[in-house]
Amino acid sequence: MSMSITNSLSANRGIFTADENAMIDKLLGCGQDHLFSSWPAPGTDDDDKRRFLAQAAVCDAGYPGGIAQYVANAKKLLQDSKEGVNPFDGWTPAVPDGIVVEYASKEHVELESEGMREVGSAAFVLVAGGLGERLGYSGIKVELPCERSTDSCYLQLYIQSILALQQRSAGEMPAHRSAKDVGIPLAIMTSDDTHAKTLDLLERNDYFGAKKEQVTLVKQEKVPCLTNNDAHLALKDADPYALQTKPHGHGDVHALLHTSGLLDRWSAAGKKWVVFFQDTNSLVFRVVPGALGVSKQKGFVFNSLCVPRKAKEAIGAITELTHTDGRKMTVNVEYNQLDPLLRATINKDGDVNNDKGVSPFPGNINQLIVSLEEYKTQLAKTGGQIEEFVNPKYKDASKTAFKSPTRLECMMQDYPKSLDASACVGFTVFDNWVGYSPVKNSPADGVGKFEGGNPTHTATSGEMEFYGCAAKVLELAGAEMAAPVDFSANDIVVPSGPKVVLHPSFACTFEELKGKAGKGLKVTSASSALIVEGAGVKIESLELDGALVIKACPGAFVTVKNLKVSNKGWRFEKCGADAPEIDRLRGFVIEKDETEELVFDQPGAYTVP
Ligand code: UTP
């Protein structure tokens, strides 16, 4: 520490509390003297100095082991990065143990019934702290409608799906349920970028029917940025009393679940599983019961939901790694690391397809199921710290200066890296159409992906895939559905069949759905729309060419028999650049010309017509 800093700081020491002085000592102790080098004598900017120390204290408390640990980790990772250390040196990959499930197969139906026996013992965790820079929406992603037919937003879909599972599992809830038990809990990880808007969305909508105590928000803190290989913390250009900070990544969720006490609470309430999912995947609840069945059947302490992966696709691969020293782990390998790893070890051609036309390694979609007891025990050991990485953009080959301050990041799928080799880690593969349809990309980026022959993951594809999945599930249950036609919006082309929305209340599993709709249902035009809400709806025979909405309140049992509906229906029309933001993101609006509505808002038994 230089003399002048000591002097200027010692002069200031008297104006601070013991805690503030302790924070200064912590920063000096990890080589951050530069932060104080321009501090004026006491009497000038004193409130700003306190503001700085308060912010440092938030960063300190928000990171396992505090700022000193963060700086130590950063120095090590920056050193490794400078020296070009290969994180996979000594590791050889192999395809791990897992299950490929064909939706609607006999095996899937059995897994779903196993999963439904477990779901009352599950807690759900939505990670929703991301900025969504690629999508470029001005609000939070979970408030976006997943489709415009009913305008249900992602958070609404998720909560109603959880409530539907809860209703089915009422008889399967842990035996020692107390009056205080809130049912199936949902924790949402937010960040400064999303917290207030998420809370507001919930409050404005009465928690979408959940009990307020059922939903817990935990907020992740950002981490300080680093200016050089010595891990010096960066100050803001415009404010020398503020640290520059950036998001640390979704891996924070593990430490937060641990420190918030949620895991203990869930465990005390008899919960056994924690299911993680992301802000915009409208299909995830179609595959949760089956995947939970896999976790139970195979005894997986960690189960990654996957889709078939095409070689070189920009999606992480689940890989079993064995080290020359005998260590073993089953982990996600990012796609840009997979190819060099394979070339260096088992396949000189790198990341290529097998004879079935897919990569032998399944593609991780980051919906994860962990077994609570093992998870809780493990986090108590590690504090939830997840292996981090750093990705500095260097100014030149000397790798000494960065183009802009960098920071450490961590990913939730890296949790298994901390597990013993004996831990039972596996995966469950479902096809894309039924399990994965994220909305991550702006219309402009979507065009690039479309032209490259890749999934666009835009609001346009997200909406059409949501309808398409429901239509296909009905088809598998025996329905006749008009074939999809090409639909173009925002300069991409997507398949567009009947616009089917099956509200979460209608059915949770394939078997339940098949008991309520399938054979006897005929949708004769791709432009038709069918919206079904309510657990009591049963479609025995229906022919539809147009738009039909069937809504039954709880306790209303509605049998649709020999019904024929034909009307002008709905049009999906392109919208212009002057349309509201939500419409512009998908590139179309719905003109509802004519709709047959069958609404039953009183309990009772009904037959239509
Ligand atoms: P994404 O990969 O979609 O990243 O995150 P993002 O930050 O939201 O979007 P871009 O990269 O800026 O376009 C996957 C999931 O992880 C959550 C997101 O909200 C999303 O559900 N996430 C991401 C967090 O909760 N915290 C983070 O720090 C980052």
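Positions are given from 1 along the sequence. Only this structure's heavy atoms are used, side chains among them; waters, hydrogens and symmetry mates stay out. Note that ligands are numbered from 1 as they come in the structure, with each ligand's atoms numbered from 1 the same way.
Protein heavy atom in closest approach to atom 20 (C) of ligand 1: Asp279 OD2, 3.3 Å. The single protein non-hydrogen atom nearest to atom 23 (C) of ligand 1 is Gly130 CA, 3.6 Å, given as residue, atom name and distance. Looking from atom 12 (O) of ligand 1 to the surrounding protein, the closest heavy atom is Glu133 N, 2.7 Å. Here the heavy atom of the protein found nearest to atom 17 (C) of ligand 1 is Val127 O, 3.7 Å. In terms of protein heavy atoms, atom 15 (C) of ligand 1 is closest to Gln278 OE1, 3.4 Å.
Numbered from 1 in the order shown, with element, the atoms of ligand 1 that lie under 4.0 Å from a heavy atom of Gln220 read 24 (C), 25 (O), 26 (N), 27 (C), 28 (O). Which parts of ligand 1 touch His250 is read off a 4.0 Å heavy-atom cut-off, strictly below it: atoms 14 (C), 15 (C), 16 (O), 22 (N), 23 (C), 24 (C), 26 (N), 27 (C), 28 (O), 29 (C). Against a heavy-atom cut-off of under 4.0 Å, Lys141 is close to the following atoms of ligand 1: 3 (O), 6 (P), 8 (O), 9 (O). Below 4.0 Å from some heavy atom of Pro247 lie the following atoms of ligand 1, by number and element: 28 (O).
Note: an N/O pair closer than 3.5 Å links Gly129 and ligand 1 by distance alone. Considering backbone and side-chain atoms together, Leu135 places no N or O closer than 3.5 Å to any N or O of ligand 1.
If you look at Ala128 next to ligand 1, the close heavy atoms, those under 4.0 Å, all belong to the backbone. Contacts with ligand 1 closer than 4.0 Å are made by no heavy atom of Met412, backbone or side chain.
Asn441 and Thr458 share no side-chain donor-acceptor pair at under 3.5 Å. Tyr137 and Ser442 share no side-chain donor-acceptor pair at under 3.5 Å.
In summary, the aromatic rings of Tyr375 and Tyr415 are positioned with their centroids under 6.0 Å apart. Residues His457 and Phe450 keep their aromatic ring centres 6.0 Å or farther apart. In this structure, Phe487 has its ring center under 6.0 Å from that of Phe588.
Checking Asp445, Leu131, Leu256 against atom 7 (O) of ligand 1, the nearest heavy atom belongs to Leu131. Among Met189, Lys440, Arg134, the residue whose heavy atom sits closest to atom 4 (O) of ligand 1 is Arg134.
The aromatic rings of Tyr158 and Phe285 lie tilted to each other, with the angle between the two planes from 30° to 60°.
Screening Glu374, Glu118, Glu373 for a salt bridge (charged side-chain N to carboxylate O under 4.0 Å, His left out) with Lys272, the sole residue that qualifies is Glu118.
Residues Cys153 and Val142 fail the side-chain proximity criterion, which asks for heavy atoms closer than 4.5 Å.
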- Message: Please determine whether ring pair (Phe, Tyr, Trp, His ring centres under 6.0 Å) holds for the pair Tyr63 and His248, giving the CA-CA distance in whole Å, both sets of side-chain angles, and the decisive distance to 0.1 Å.
- Response: CA-CA 10 Å; Tyr63 188 83; His248 187 225; 5.7 Å; yes
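In this structure a side-chain-to-backbone donor-acceptor pair under 3.5 Å is present from Gln55 to Leu243.
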